Amino acid sequence: MTPFSNLKLEIEKLEEYDNHHKVVLLNNPETGLKGFIAIHRKNKDIPSFGATRLLHYRDSLDGLRDALRLSRLMSYKSALSGLPCGGAKGVILAPKRLTSENRKRLLLSYAEEVNALNGDFITGTDVGVLQDDLKLMKSVSPFFVGFNGNSTECTALGIYFGMETCCSFLDDGDNLAGKTFAIQGLGKVGAALLALVYPKAGKVYAADIDKSVAEKIKKKFPKVVIVAPSEIHKQKVDIFAPCALSGALNSKTIAELKCRIIAGGANNQLEDDTIGDLLFKLGILYAPDYVVNAGGLIAVFDEYEHKKNNDERIYDKVFAIKERLHDILEKSKKENHAPNYIANEMAEKMFNNF
Ligand code: NAI
């Protein structure tokens, strides 16, 4: 275990550091708040965007690494979505058990820290943060977004469009009717995605490490087949959708995959980029995570830009994910190079022009 106070010395030595614009260590002994705000890139006076995660990590260093990896990914997501903002991420280190009183205290304390950045960082919900939490934090800080409509539903819609694009790319029609799915993680994104695919799906397998979450889903969507979390990626389906935490696609799990397509909401699905190569060689079509899960970011940036909600405008911007993904997949085929590298190259080209 790395003592929290030592982390400051570690940051720049970490391979995930990638010359971050700013990394703030949050440590408030009065409220018990510990965590990080990582700002990967900052484009002039435009705030950097990235949601906030509330999660228990075995070691604070794991939390720091996660924050750095996620904020970097947000820069790529933003650039490929045609947005001018750099990427960022907030991570609140949650204790193993969190009472509602303690939760409230941590969230309010975190919102004060976001305020202290004077608008350089704009944030919303990620893993472990609920819409009510967001409302609470917004009561002390104006720098929280995700109130115009539901940004998670936009995330799910983008993934849905990405799935359609993958199917049409494999000459399987631009339609998900009758397709089979395996959804890993049934939180905000997984549940919203399930609601979209369920009406037309052939068969849907789903899993969540929280049994009560899986039970609730089964009640609401009775045709879903709930499987053990260790089995979800092994299902023989058309599309596997990782919608839980990072690293779902790693050297162990990819040997067990039986899907044709991977398109899901989780950030940093690949343990590292070489896993993308292996998927490519296996003939499994991988839709780069930050390309298809950008709907939420697109929606919250629109909220920041326009204040007034316009569903049609947001829908059109999320729909554009289809074309973006199609271009990446075409280029990947033409150059015989895995799509994650193609997406990275395209994003880097864009943000280096900032
Ligand atoms: P959430 O906290 O609402 O849900 C995550 C769910 O995954 C929880 O129910 C948890 O019990 C489950 N889970 C964790 N580990 C698991 C495992 N190994 N197997 C099965 N289930 C597991 O989080 P949310 O917001 O749904 O985010 C999910 C993923 O999507 C994260 O990687 C997040 O960064 C990403 N994402 C979320 C966006 C959003 O709009 N909320 C936007 C873009 C990406």
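Basis for what follows: all heavy atoms, side chains included, without hydrogens, waters or symmetry-related copies. Just so you know, these numbers come straight off a predicted model, no measurement behind them. Just follow the structure's listing: the first ligand is 1, and inside any ligand the first atom is 1.
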Quiz item: Rounded to the nearest 0.5 Å, what separation is found between the NZ atom of Lys331 and the CE atom of Met346?
Solution: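 CE of Met346 is found 6.0 Å from NZ of Lys331.
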Quiz item: Can Lys34 be said to sit on top of Phe36's aromatic six-ring, NZ or CZ under 6.0 Å from centre and within 45° of the ring axis?
Solution: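 Because its charged atom misses either the 6.0 Å distance or the 45° angle limit, Lys34 does not stack over Phe36.
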Quiz item: Can a cation-pi geometry be assigned to Lys333 and Phe280, taking NZ or CZ under 6.0 Å from the six-membered ring centre and within 45° of the ring axis?
Solution: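 The answer is no; the distance or angle limit is not met.
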Looking at [X], which atoms of ligand 1 are within less than 4.0 Å of one of its heavy atoms?
X	value
Arg53	31 (C), 32 (O), 33 (C), 34 (O)
Gly187	3 (O), 4 (O), 6 (C), 9 (O), 26 (O)
Gly185	7 (O), 20 (C), 21 (N)
Thr125	41 (N)
Gly128	2 (O)
Thr152	40 (O), 41 (N)

Quiz prompt | Evaluation steps, salt bridge (Lys or Arg N to Asp or Glu O under 4.0 Å), between Lys89 and Asp126 | solution = CA-CA 9 Å; Lys89 199 76 186 181; Asp126 191 61; 3.5 Å; yes
Would you indicate which of [options] comes nearest to [atom] when only heavy atoms are counted?
atom	options	result
atom 34 (O) of ligand 1	Asp210, Val300, Leu186, Asp126	Asp126
atom 32 (O) of ligand 1	Ala244, Ser246, Ala192	Ala244
atom 40 (O) of ligand 1	Leu70, Leu297, Thr155	Thr155

Quiz item: With only distance considered, is Gln184 within less than 3.5 Å of ligand 1 through an N or O on each side?
Solution: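 No, Gln184 has no N/O under 3.5 Å of an N/O on ligand 1.
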Quiz item: Between Asn267 and ligand 1, is there a nitrogen or oxygen pair with a distance under 3.5 Å?
Solution: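 Yes, there is a polar N/O contact under 3.5 Å.
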Quiz item: Does the distance from a Lys or Arg side-chain N to an Asp or Glu carboxylate O, for Arg72 and Glu16, drop under 4.0 Å?
Solution: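 No, this pair does not count.
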Quiz item: Between Lys104 and Asp133, is there a salt bridge with N-O shorter than 4.0 Å?
Solution: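 A salt bridge is absent here (no side-chain N lies under 4.0 Å from a carboxylate O).
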Side chain, backbone, both or neither: which applies to [X] and ligand 1 if a contact is any heavy-atom pair less than 4.0 Å apart?
X	answer
Ala294	neither
Lys77	side chain
Val189	both

Quiz item: With side chains defined as the heavy atoms from C-beta onward, is the minimum distance between Leu245 and Asp66 less than 4.5 Å?
Solution: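 A side-chain contact under 4.5 Å is absent here.
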Quiz prompt | Near-ring test Phe144/Phe121, centroid separation under 6.0 angstrom | solution =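 When the ring centroids of Phe121 and Phe144 are compared, they turn out to be at least 6.0 Å apart.
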Quiz item: Does any donor atom in the side chain of Ser48 or His21 lie under 3.5 Å from an acceptor atom in the other side chain?
Solution: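 Side chains of Ser48 and His21: no pair found under 3.5 Å.
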Quiz item: Taking the inter-plane angle between the rings of Phe240 and His233 on a 0 to 90° scale, is it parallel (under 30°), tilted (30 to 60°) or perpendicular (over 60°)?
Solution: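 If you compare the ring of Phe240 with that of His233, the planes turn out tilted.
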Quiz item: Can Gly296 be said to touch ligand 1, with heavy atoms closer than 4.0 Å?
Solution: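 Under 4.0 Å: no for Gly296.
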